[in-house]
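Here the structure is laid out as structure tokens; the discussion comes afterwards.
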Amino acid sequence: MSGARMMGMLHDAVLFLVEQLQGASRCQGHVFRFHKQDNQEEELPVNPSGCARSEVYLRKSTFDMFNFLASQHRQLPDNGLYDEEEDEVPLKSTRRATSLELPMAMRFRHLEKTSKEAVGVYRSAIHGRGLFCKRNIDAGEMVIEYSGIVIRSVLTDKREKYYDGKGIGCYMFRIDDFDVVDATMHGNAARFINHSCEPNCYSRVINVEGQKHIVIFALRKIYRGEELTYDYKFPIEDASNKLSCNCGARRCRRFLN
């Protein structure tokens, strides 16, 4: 039993009050925790290498504004099978708006409103965040548009270097040989769709009123609570530049490129 323990100095509440007593500043051997004294010199931290210039610079991780989407406390939609009769009337009407029965331009006009009701971003076992189905989606139905800022293809390398320097994840989708959609800063939930070697969706470039748009379609019927995936179709590269695949499919190719 030490004297500090007998006097209760090991408790923060007691130490907080004792440091305020008159004459406490005369205690030269005590290191004040809550009430720093003006005449007390703070000890500088000891540098293990002896010189800060000789140490390797480590960049601090950039704050991820979408980190909350991958929180484990956000519950996924129920993935159990349910009858079509349980759907509410608004969901049935929105499903008909993006079905195969209507022209492509009319289906695309309803897509912006219906996509928010059909999909959502949640924690994914493939890679951080992923896009999940909130209601049943029929095969061939429009799911969501891959939106963003359309830039020229010659600017992609410059923007990738800029995003990498800032520690920001890059989300781009090529429309054709000349134009690329940059969804990094001005995109929607479609940028979080992960890759799979056995996908349940596919991408398609459509032309609506003279403008090209990238739209994600359902390859088969997708049930509520299932993650939406499509094949990135990256070009094949050598072994030194391979990107490992974590889709977990039975016919996984092990690499994205």
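Along the sequence shown, residues are numbered consecutively beginning with 1.
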**Complete:** Tightest non-hydrogen contact, residues Val143 and Ala218, listed as CG2-N, 3.8 Å

**Request:** Side-chain contact test, heavy atoms from C-beta onward, threshold under 4.5 Å: evaluate it for Glu209 versus Arg109 and give yes or no.
**Result:** yes

**Prompt:** Are the side chain of Asp182 and the backbone of Met172 linked by a donor-acceptor contact shorter than 3.5 Å?
**Reply:** no

**Inter-residue atom distance Tyr232.OH - Ser203.OG, 0.5 Å rounding** = 10.5 Å

**Asked** Taking atom types as modelled and ignoring hydrogens, do the side chains of Ser147 and Asn188 form a donor-acceptor contact shorter than 3.5 angstrom?
**Response** yes

**Prompt:** Could you give the distance from CG (Asn246) to CG (Leu243), rounded to the nearest 0.5 Å?
**Reply:** 10.5 Å

**Asked** Sub-3.5 Å donor-acceptor pair from the side chain of Arg191 to the main-chain atoms of Thr184, do we have one?
**Response** yes

**Asked** Should Phe255 and Ile126 be counted in the same cluster of Ile, Leu, Val, Met, Phe, Trp and Tyr side chains packed under 4.5 Å apart?
**Response** no

**Request:** Might you point out which heavy atoms bring Cys170 and Tyr163 nearest each other, and give the distance in Å?
**Result:** SG-CD1, 4.0 Å

**Asked** Should Met104 and Met142 be marked as a side chain to side chain contact (heavy atoms under 4.5 Å, CB included) after you check the CA-CA gap, both sets of side-chain angles, and the distance that decides it?
**Response** CA-CA 9 Å; Met104 188 69 69; Met142 278 187 179; 3.2 Å; yes

**Asked** Glu226 and salt bridge (Lys or Arg N to Asp or Glu O under 4.0 Å): which partner among Lys134, Lys221, Arg135, Arg220?
**Response** Arg220

**Request:** Measure up the Phe192 and Tyr171 rings against each other and bin them: parallel (under 30°), tilted (30 to 60°), perpendicular (over 60°).
**Result:** perpendicular

**Request:** Report yes if the distance between the aromatic ring centroids of His213 and Phe108 is under 6.0 Å, otherwise no.
**Result:** yes

**Request:** Kindly compute the distance separating CG (Leu256) from SG (Cys247), expressed to the nearest 0.5 Å.
**Result:** 8.0 Å

**Item:** Chi angles and distances behind the side chain to side chain contact (heavy atoms under 4.5 Å, CB included) call for Phe217, Tyr230
**Value:** CA-CA 9 Å; Phe217 290 84; Tyr230 67 90; over 6 Å; no

**Message:** Ignoring hydrogens, what is the shortest heavy-atom contact between Asn194 and Gly130? Give both atom names and the distance.
**Reply:** ND2-CA, 3.7 Å

**Carboxylate-amine/guanidinium proximity below 4.0 Å for Asp179 and Lys212** = no

**Prompt:** Does a salt bridge link Asp231 with Arg253, judged by any charged N lying under 4.0 Å from a carboxylate O?
**Reply:** yes

**Fill in**
Of all heavy-atom pairs linking Ser153 and Thr156, the shortest is O-OG1, 2.8 Å

**Gap between atom SG of Cys252 and atom NE2 of His195 - 0.5 Å precision** = 6.5 Å

**Message:** Taking atom CD as the centre, does Gln20 end up with more than 12 heavy-atom neighbours from other residues, nucleotides or ligands that are less than 6.0 angstrom away?
**Reply:** yes

**Test item: Glu19 and Leu21 side chains (from C-beta on) under 4.5 Å apart, heavy atoms** = no

**Message:** Measuring from atom NZ of Lys166 to atom CE of Met185, what distance do you get when rounded to the nearest 0.5 angstrom?
**Reply:** 10.5 Å

**Prompt:** Hey, are Tyr223 and Asn200 close enough side-chain-wise for a donor-acceptor pair under 3.5 Å?
**Reply:** no

**Message:** With rounding to the nearest 0.5 angstrom, report the CG to NZ distance, Asp238 to Lys242.
**Reply:** 8.0 Å

**Intermediate values then yes/no, side chain to side chain contact (heavy atoms under 4.5 Å, CB included), Leu228 and Ile216** = CA-CA 10 Å; Leu228 304 177; Ile216 307 299; over 6 Å; no

**Item:** Qualifying residue, where the test is side chain to side chain contact (heavy atoms under 4.5 Å, CB included) with Ile214 and the options are Ile144, Val150, Ile206, Val205
**Value:** Val205

**Asked** Would the number of heavy atoms belonging to other residues, nucleotides or ligands and lying under 6.0 Å from OH of Tyr202 be above 12?
**Response** yes

**Asked** Regarding Ser115 and Glu145, is there a side-chain donor-to-acceptor distance under 3.5 Å anywhere?
**Response** no

**Message:** Looking at Asn207 and Gly210, would you say the former's side chain and the latter's main chain have a donor-acceptor pair under 3.5 Å?
**Reply:** yes

**Test: Arg129 and Glu227 ion pair at under 4.0 Å** = no

